[in-house]
Structure formats: C-alpha cells, structure tokens
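A short write-up of the structure that comes next.
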Amino acid sequence: MASRHWAGDSPAPHRHRRSSRRRGFSLIEAMVAITILALAGSVLLLGVESSLQTTSDAVDRTIADGLAQQLLDEITTRHFKDPSQTSSTGPLGPEGSESSASGREQFNDTDDYHQFEAQPVEGLWGEPIGTGDDGGNPRHAAFQSPAQLFQNWRQRIEVYFVDPSDHS
C-alpha cells in the first residue's frame with residue numbers, strides 16, 4: 001500500500017545521527033596496508049634481481065663456452081707435432097720462433113699450446129679478447145669490449161701425449 005502525503009503534511013522527520021567517528025581508514029590500518037605493500041614490493045624486487053643475476057651468469061657461461069670452443073677448434077686443426085719430428089714423446093711446447101711471438105699466431109702444431117696460459121683472455125695475436133680485429137690489428141674504439149669485462153677470465157691449456165698401445 002502506498003502512502004500519500006497531502007499538502008501540509010510532511011513526512012516523518014528523519015533524524016540524522018552525527019557520529020563522532022568518520023568513515024575511512026585509521027592510521028593503524030593505513031600503516032598495516034603500507035607494510036604489506038612494502039613487503040610484497042621487496043619480494044618482487046628480490047625476484048627481479050635474482051632473475052637478472054641468473055641471466056648474467058648464463059650470458060657469461062655462454063661466452064666462456066664459445067671462447068673455449070673457439071680455442072679447441074683452433075688447436076684441433078693443427079698436427080699434434082711438427083711432421084718433421086718423428087718422436088712423439090719429446091718435450092711438448094712451442095720451439096724457437098713459436099715461443100717468441102706475441103700470441104699464438106706462430107703455433108703450427110698442437111703441442112705448441114702445452115702450458116699456454118693467458119689472463120685476461122687473449123686472441124690469436126696476443127691482444128686482450130674483444131679489442132682485436134682477428135688480423136693482429138686493434139678494432140675501432142667504438143667496437144671494443146670494455147677492458148674490465150674479461151679482466152678476471154683466463155685461458156689455460158695442457159696437452160698430453162697418449163700412446164695408443166699404453167694407456168697408463
């Protein structure tokens with residue numbers, strides 16, 4: 001049933017209660033919300049940092065694997081010993097002009113690489129990796145890798161002669 005009001009009649013007065021409390025967040029609620037937000041943000045940033053570190057490590061491993069594979073390819077394309085030498089048990093390592101070169105450019109057989117060590121990593125011509133043009137000349141400065149990039153990296157090679165009839 002609908003109620004009707006006639007002119008002069010007024011509906012029942014609504015009394016609004018004024019509460020002493022306002023609606024909204026209290027200071028404690030706001031601080032708890034900000035704390036939760038800060039903790040979630042820090043966990044998210046730790047996850048991002050961990051992901052970046054993992055990516056950086058993977059890039060370093062990939063570069064190291066490529067450098068090692070390149071050096072192994074360089075070594076395995078050589079004869080084990082100089083073909084003019086008949087003894088396969090003689091001293092290993094570079095001889096004469098091979099050892100006087102600035103890098104590995106004079107190495108002509110695998111045994112020349114014995115006890116080769118370089119830190120930081122070197123190219124074929126003895127230049128720090130990332131600074132040469134693979135022809136013994138320096139790269140343009142804009143195309144060189146930063147000097148500190150490979151500073152703590154090293155190459156180390158040991159060559160062993162294994163007699164096929166004596167595996168000891």
Side-chain angles (χ1 to χ4, degrees), residues 25-83 85 88-164 166-168:
F25 292 110
S26 70
L27 181 59
I28 293 175
E29 291 170 330
M31 288 178 63
V32 167
I34 289 172
T35 302
I36 291 171
L37 185 64
L39 287 173
S42 65
V43 167
L44 181 65
L45 287 176
L46 283 173
V48 168
E49 191 270 336
S50 175
S51 176
L52 288 174
Q53 184 62 43
T54 301
T55 302
S56 176
D57 290 346
V59 167
D60 285 349
R61 270 188 244 111
T62 302
I63 291 171
D65 185 49
L67 289 172
Q69 189 62 50
Q70 183 179 6
L71 190 56
L72 284 172
D73 289 345
E74 178 185 323
I75 294 169
T76 56
T77 60
R78 311 282 195 249
H79 293 288
F80 180 72
K81 283 235 196 245
D82 190 0
Q85 296 175 338
S88 57
T89 58
L92 299 175
E95 306 91 22
S97 65
E98 297 168 338
S99 60
S100 65
S102 60
R104 303 182 310 269
E105 73 270 12
Q106 297 293 321
F107 290 4
N108 61 358
D109 38 68
T110 301
D111 78 295
D112 295 342
Y113 292 87
H114 184 61
Q115 298 296 326
F116 175 79
E117 189 163 347
Q119 184 175 0
V121 180
E122 292 180 353
L124 180 64
W125 301 92
E127 80 284 0
I129 270 298
T131 61
D133 68 353
D134 296 333
N137 303 310
R139 286 184 191 170
H140 185 277
F143 297 110
Q144 292 186 7
S145 60
Q148 71 277 9
L149 183 62
F150 298 110
Q151 193 62 37
N152 295 323
W153 293 39
R154 72 181 171 123
Q155 293 170 317
R156 187 172 147 219
I157 303 167
E158 291 185 25
V159 177
Y160 299 98
F161 173 76
V162 178
D163 185 353
D166 180 15
H167 297 285
S168 63

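We number each residue from 1, following the sequence as shown.
When the shell of 6.0 Å around CZ of Arg139 is examined, it contains more than 12 heavy atoms from other residues, nucleotides or ligands. Atom CD1 of Ile28 has 12 or fewer heavy atoms from other residues, nucleotides or ligands within 6.0 Å. Counting non-hydrogen atoms of other residues, nucleotides and ligands closer than 6.0 Å to CD of Gln70 gives a total of 12 or fewer.
Between the side chain of Thr35 and the backbone N or O of Met31, at least one donor-acceptor pair lies under 3.5 Å. Not one N or O on the side chain of Ser51 forms a donor-acceptor pair closer than 3.5 Å with the backbone of Gly47.
Of the inter-residue distances, the one linking Asn108 atom CG with Thr77 atom OG1 reads 11.0 Å to the nearest 0.5 angstrom. Rounding to the nearest 0.5 Å gives a distance of 12.0 Å between NE2 of His114 and CD1 of Ile75. In this structure, CG in Leu149 is found 11.5 Å from OG1 in Thr131, a value given to the nearest 0.5 Å. In this structure, CD on Gln106 lies 7.5 Å from CH2 on Trp125, to the nearest 0.5 angstrom. Once rounded to the nearest 0.5 Å, the distance linking CG of Leu124 with CD1 of Ile129 reads 9.5 Å.
The heavy-atom pair separating Thr76 from Asp73 by the smallest distance is OG1-O, 3.3 Å. Closest approach of Pro94 to Phe107, counting heavy atoms only: CB-CE1, 3.9 Å.
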Problem set entry | Residue pair Asp60, Trp153: steps toward the side-chain contact (heavy atoms from CB on, under 4.5 Å) verdict | CA-CA 10 Å; Asp60 285 349; Trp153 293 39; 4.1 Å; yes
For this session: Walk me through it: do Glu158 and Gln115 pass the test side-chain contact (heavy atoms from CB on, under 4.5 Å)?
Result: CA-CA 5 Å; Glu158 291 185 25; Gln115 298 296 326; 4.3 Å; yes
Exercise. Where do Ile34 and Leu37 land on the side-chain contact (heavy atoms from CB on, under 4.5 Å) test, with the steps shown first?
Worked result: CA-CA 5 Å; Ile34 289 172; Leu37 185 64; 5.5 Å; no
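For the 3.5 Å distance criterion, the side chains of Asp57 and Gln53 qualify, holding a donor opposite an acceptor.
The shortest distance between side-chain heavy atoms of Thr62 and Val59 does not fall below 4.5 Å.
Qualifying salt bridge (Lys or Arg N to Asp or Glu O under 4.0 Å) partners for Glu49, counting only residues two or more places apart in sequence or in other chains: none.
Put simply, the residue from Glu98, Glu74, Glu122 that forms a side chain to side chain donor-acceptor pair (under 3.5 Å) with Arg104 is Glu74.
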